[in-house]
Amino acid sequence: MANRSDTKTRILDAAEKLFAERGFSETSLRLITSKAEVNLASVNYHFGSKKELIRAVLARYLDVFMPVASAEIVKLQGGDNTASLDDIFSALVDPLLDLNQLRAEGTSTFLQLLGRGYIESQGHLRWFITTHYGEHLTQFVKAVAESTPHIPPAEMFWRLHFTLGTVVFTMASADALIEIAAADFKEHNDIEAVIRKMIPYLSAGVSVPVNEDVI
């Protein structure tokens, strides 16, 4: 049993690193098995397919992040006042940073993997996330909608995806951005500082009144 568990973990670790670096489409099972030093039969035994392996890699993060993030949102909604967008987005920061305790550079890796899923049109991931974590997603979207009742649902759909794109791009470039800010502006930032810098920008973008002429 220990050997089976070790083999499964090695496959997940190798796949996670390669998926984050190369993307899902460009990473073959043969490349994963070579890095994990296992045979293809082991992947088929533990996961059955590449799609299932992709889901398993993300599930290691989602199983930890989603319930904690959802609980933080629920806490915000416990009072009489509607939570602001700044409060809602800020509530996600600690759960995101806690992923660094799950795995080294877990926060950045998780967001890179999530971004890969959208960029590469991995439709099965959308199904997987909405099916397995739909309750948590609904809690977040509901909180955002309640804080911005002037934004129509269709417009909110776009704005939340623009938000995710901003976060994914920023986190994928975080190391370079931190170095540039230090060299050009003498700023000293870490991942938490970068995430918190995004919150006012994201809140403003999501909540700005709709331009009727554009729609």
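Note that the structure is predicted; figures quoted are calculated from it, not measured. Numbering starts at 1 and runs along the sequence shown.
The backbone N or O of Val68 lies less than 3.5 Å from no partner atom in the side chain of His136, so there is not a single donor-acceptor pair. Between the side chain of Thr166 and the main chain of Phe162, a donor-acceptor pair closer than 3.5 Å is present. No donor-acceptor distance shorter than 3.5 angstrom exists from the side chain of Thr170 to the backbone of Val167, with no hydrogens or angles considered. In terms of modelled atom types and a separation under 3.5 Å, the side chain of Arg103 and the main chain of Phe110 share no donor-acceptor contact. With hydrogens and angles disregarded, a donor-acceptor distance shorter than 3.5 Å links the side chain of Thr131 to the backbone of Trp127. Within the 3.5 Å criterion, the main-chain N or O of Glu52 finds a donor-acceptor partner in the side chain of Ser49. Between the side chain of Asn100 and the backbone N or O of Thr107, at least one donor-acceptor pair lies under 3.5 Å.
Asn211 contributes atom CG, which lies 9.5 Å from atom CD of Glu155 (distance to the nearest 0.5 angstrom). Between the NZ atom in Lys8 and the CG atom in Asp13 there is a gap of 12.5 Å [rounded to 0.5 Å]. Expressed to the nearest 0.5 Å, how far CZ of Phe24 lies from CG of Leu58 amounts to 5.0 Å. One finds the CD atom of Gln139 at 12.0 Å from the CD atom of Glu72 (value rounded to the nearest 0.5 Å). Taken from NZ in Lys35 to OG1 in Thr33, the straight-line distance is 12.0 Å, to the nearest 0.5 Å. Put simply, CZ on Phe89 and CD1 on Ile199 are 8.5 Å apart, with the number rounded to the nearest 0.5 Å.
Contact detail for Ser25 and Lys50: the closest heavy-atom pair is O-NZ, 3.9 Å. Closest approach of Ala20 and Leu113 over heavy atoms only: N-CD2, 3.7 Å. Residues Ser147 and Ile88 come closest through the heavy atom pair OG-CD1, 3.9 Å. Smallest separation of non-hydrogen atoms from Ile151 and Val208: CD1-O, 3.5 Å. When all heavy atoms of Ile191 and Leu97 are compared, the closest pair comes out as CG2-CD2, 4.2 Å. Taking all atoms of both residues into account, the shortest heavy-atom contact from Ser203 to Asp86 is OG-OD1, 2.6 Å.
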Thr148 vs Arg159, side chain to side chain contact (heavy atoms under 4.5 Å, CB included): CA-CA, chis, key distance, verdict: CA-CA 12 Å; Thr148 53; Arg159 294 188 183 192; over 6 Å; no

Audit row: Leu92, Phe140, side chain to side chain contact (heavy atoms under 4.5 Å, CB included) steps and yes/no: CA-CA 10 Å; Leu92 305 180; Phe140 171 74; 3.8 Å; yes

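Side-chain contact between Ile32 and Phe19 is present, with at least one heavy-atom pair separated by less than 4.5 Å. Within the 4.5 Å cutoff, the side chain of His132 has no heavy atoms near those of the Met66 side chain. Within the 4.5 Å cutoff, side-chain heavy atoms of Met171 are placed close to those of Met198. Using a 4.5 Å cut-off on side-chain heavy atoms (C-beta onward), Asp98 and Val64 make no contact. Put simply, the side chain of Phe47 does not reach to within 4.5 Å of the side chain of Arg55, judged on heavy atoms. The side-chain heavy atoms of His46 and Thr7, taken from C-beta on, include a pair separated by under 4.5 Å. Side-chain contact between Leu53 and Leu12 is present, with heavy atoms from C-beta onward closer than 4.5 Å. When side chains are defined from C-beta on, Val206 counts as touching Thr163, because their heavy atoms get closer than 4.5 Å.
A donor-acceptor contact under 3.5 angstrom links the side chains of Ser42 and Asn39, judged on distance only.
Ring orientation note: the planes of Tyr133 and Phe128 are nearly perpendicular, at an angle over 60° on the 30°/60° scale.
More than 12 heavy atoms of other residues, nucleotides or ligands shown are found within 6.0 angstrom of CZ on Arg196. Heavy atoms from other residues, nucleotides or ligands lying under 6.0 Å from CD of Glu21 number more than 12. Heavy-atom contacts from other residues, nucleotides or ligands closer than 6.0 Å to CD of Glu192 number more than 12. Within 6.0 Å of the CD atom in Glu187, the count of heavy atoms belonging to other residues, nucleotides or ligands exceeds 12.
Linking Ile, Leu, Val, Met, Phe, Trp and Tyr whenever their side-chain heavy atoms come within less than 4.5 Å leaves Leu177 and Phe169 in two separate clusters. Hydrophobic clustering (side-chain heavy atoms under 4.5 Å, transitive across Ile, Leu, Val, Met, Phe, Trp, Tyr) groups Val93 together with Tyr201.
Between Asp6 and Arg10, at least one side-chain N (NZ, or NE/NH1/NH2) sits under 4.0 Å from a carboxylate O, which counts as a salt bridge.
Ring-centre distance between His161 and Phe157: below the 6.0 Å cut-off.
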